[in-house]
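For reference, the structure is listed below as structure tokens.
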Amino acid sequence: MADVVLFHHALGLTGGVLHFADRLCAAGHTVTTPDLYDGATFTSLDDGVAHAESIGFVEISRLGVEAVADHPDGFVVAGFSLGVLPAMRLAQQRRGVVGTVLYHSGAPLGTFGDTWPDGVGLQMHVCEDDPWGDVDDVKELAGAVAGSELFLYAGGDHLVTDDTWQQFDAELTALIVTRTLAFLDRL
């Protein structure tokens with residue numbers, strides 16, 4: 001079974017992030033959910049993003065790296081939207097990461113390095129018309145990383161996997177969880 005480090009989105013470490021982690025745990029995986037906001041949560045993306053901007057995106061990715069400094073090698077990193085920053089940074093800069101799952105967003109390959117490490121699997125899930133989804137970035141990343149999986153879903157909603165968010169989609173979340181579990185089982 002996989003050891004997964006799952007980073008939250010701009011709303012913070014919400015109950016919805018924890019519920020998603022519980023789904024992975026129910027399948028036998030171990031999931032760690034670092035809190036990069038020191039307990040703060042938000043009910044609007046604008047407020048959550050403003051908070052993230054006040055911390056700084058580089059600092060958020062650094063906090064993610066720091067949160068797993070003592071984590072044993074052989075783990076998977078995953079992130080929801082804002083959480084893709086520390087997930088990608090770890091995948092590209094820390095030895096011992098074996099896979100990466102990006103939900104609802106992505107960043108260009110050159111953000112944390114110009115290449116993707118050999119042997120680090122990559123799976124991405126984004127709604128194709130999501131204005132926060134950075135769809136062009138994830139398409140470019142998928143094209144640059146051999147063997148990566150990109151799942152584009154119909155619609156323009158964001159954070160569809162967070163059951164505490166108004167755009168939660170239970171059916172789509174079930175599909176994303178199924179695909180994530182299949183990815184984890186292949187690692």
Side-chain angles (χ1 to χ4, degrees), residues 1-10 12-38 57-126 134 137-138 140-151 159 161-162 173-187:
M1 292 293 130
D3 177 8
V4 180
V5 176
L6 179 62
F7 294 103
H8 63 76
H9 45 61
L13 187 57
T14 64
V17 171
L18 297 173
H19 299 155
F20 190 93
D22 289 344
R23 289 176 181 227
L24 302 181
C25 289
H29 303 289
T30 301
V31 182
T32 303
T33 52
D35 186 349
L36 305 178
Y37 278 7
D38 261 346
F57 296 117
V58 171
E59 179 65 5
I60 286 173
S61 71
R62 189 199 65 76
L63 290 169
V65 170
E66 182 180 283
V68 297
D70 296 327
H71 207 88
D73 287 350
F75 65 101
V76 175
V77 289
F80 295 109
S81 193
L82 174 71
V84 306
L85 295 175
M88 286 184 65
R89 182 172 176 175
L90 283 160
Q92 290 185 264
Q93 296 181 356
R94 177 172 166 175
R95 292 180 187 263
V97 172
V98 298
T100 308
V101 186
L102 307 179
Y103 302 102
H104 316 305
S105 187
L109 184 59
T111 304
F112 299 107
D114 293 332
T115 60
W116 193 262
D118 290 337
V120 178
L122 174 62
Q123 187 181 74
M124 297 170 283
H125 303 268
V126 179
D134 304 314
D137 290 340
V138 295
E140 182 181 316
L141 186 58
V145 178
S148 65
E149 296 179 303
L150 171 58
F151 296 102
L159 306 181
T161 55
D162 186 322
T173 297
L175 177 59
I176 291 170
V177 167
T178 297
R179 288 175 168 169
T180 298
L181 292 174
F183 176 76
L184 295 176
D185 289 345
R186 287 192 302 272
L187 295 176

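Quick note: numbers below take in every heavy atom, side chains included, and nothing from hydrogens, waters or symmetry partners.
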*salt bridge (Lys or Arg N to Asp or Glu O under 4.0 Å): pairs with one or both residues in residues 101-122, sequence neighbours excluded*: none
_Show every salt bridge (Lys or Arg N to Asp or Glu O under 4.0 Å) that has at least one partner inside residues 93-113, sequence neighbours left out._
D73-R94
Who passes ring pair (Phe, Tyr, Trp, His ring centres under 6.0 Å) against [X], sequence neighbours left out?
X    : answer
H104 : F80, H158
Y37  : H8, F42, H51
F57  : none

*Say you draw a straight line from CE of M124 to OG of S105; how long is it, rounded to the nearest 0.5 Å?*
11.0 Å
Compare every heavy atom of [Y] with every heavy atom of [X], then report the nearest pair and how far apart it is.
X    : Y    : answer
D162 : V17  : OD2-N, 4.0 Å
L90  : G64  : CD1-O, 4.0 Å
P117 : A91  : CG-O, 3.0 Å
I176 : T161 : CD1-CG2, 3.8 Å
V31  : A21  : CG1-CB, 3.7 Å
G79  : A87  : N-CB, 4.1 Å

*Is there a side-chain contact between S81 and L159, using heavy atoms and a 4.5 Å cut-off?*
yes
*asked:* Is any side-chain heavy atom of L102 closer than 4.5 Å to one of L122?
replied: yes
*For V98 and V120, run side-chain contact (heavy atoms from CB on, under 4.5 Å): C-alpha distance rounded to whole Å, both residues' side-chain angles, the deciding distance at 0.1 Å, then the answer.*
CA-CA 5 Å; V98 298; V120 178; over 6 Å; no
Please report, to 0.1 Å, the donor-acceptor pairs under 3.5 Å made by any side chain of residues 141-148, with sequence neighbours excluded.
unit_1, atom_1, unit_2, atom_2, d
S148, OG, A142, O, 3.0
S148, OG, V145, O, 2.9

Pairing residues for [X] by the side-chain hydrogen bond (donor to acceptor under 3.5 Å, both in side chains) criterion, not counting sequence neighbours:
X    : answer
R62  : E59, E66
H29  : none
T173 : none
D137 : none

[X] side-chain N/O to [Y] backbone N/O, donor-acceptor pair under 3.5 Å:
X    : Y    : answer
Q123 : F183 : no
Q92  : G113 : yes
T178 : A174 : yes

_Which residues pass the salt bridge (charged side-chain N to carboxylate O under 4.0 Å, His left out) test with E140, not counting sequence neighbours?_
none
_Matching residue for V76 among L184, L6, V5 - test: side-chain contact (heavy atoms from CB on, under 4.5 Å)_ = L184
*Donor on one side chain, acceptor on other, T30 and D3, under 3.5 Å*: no
*Only counting residues at least two apart or in another chain, list the ones meeting side chain to side chain contact (heavy atoms under 4.5 Å, CB included) with A67.*
P34
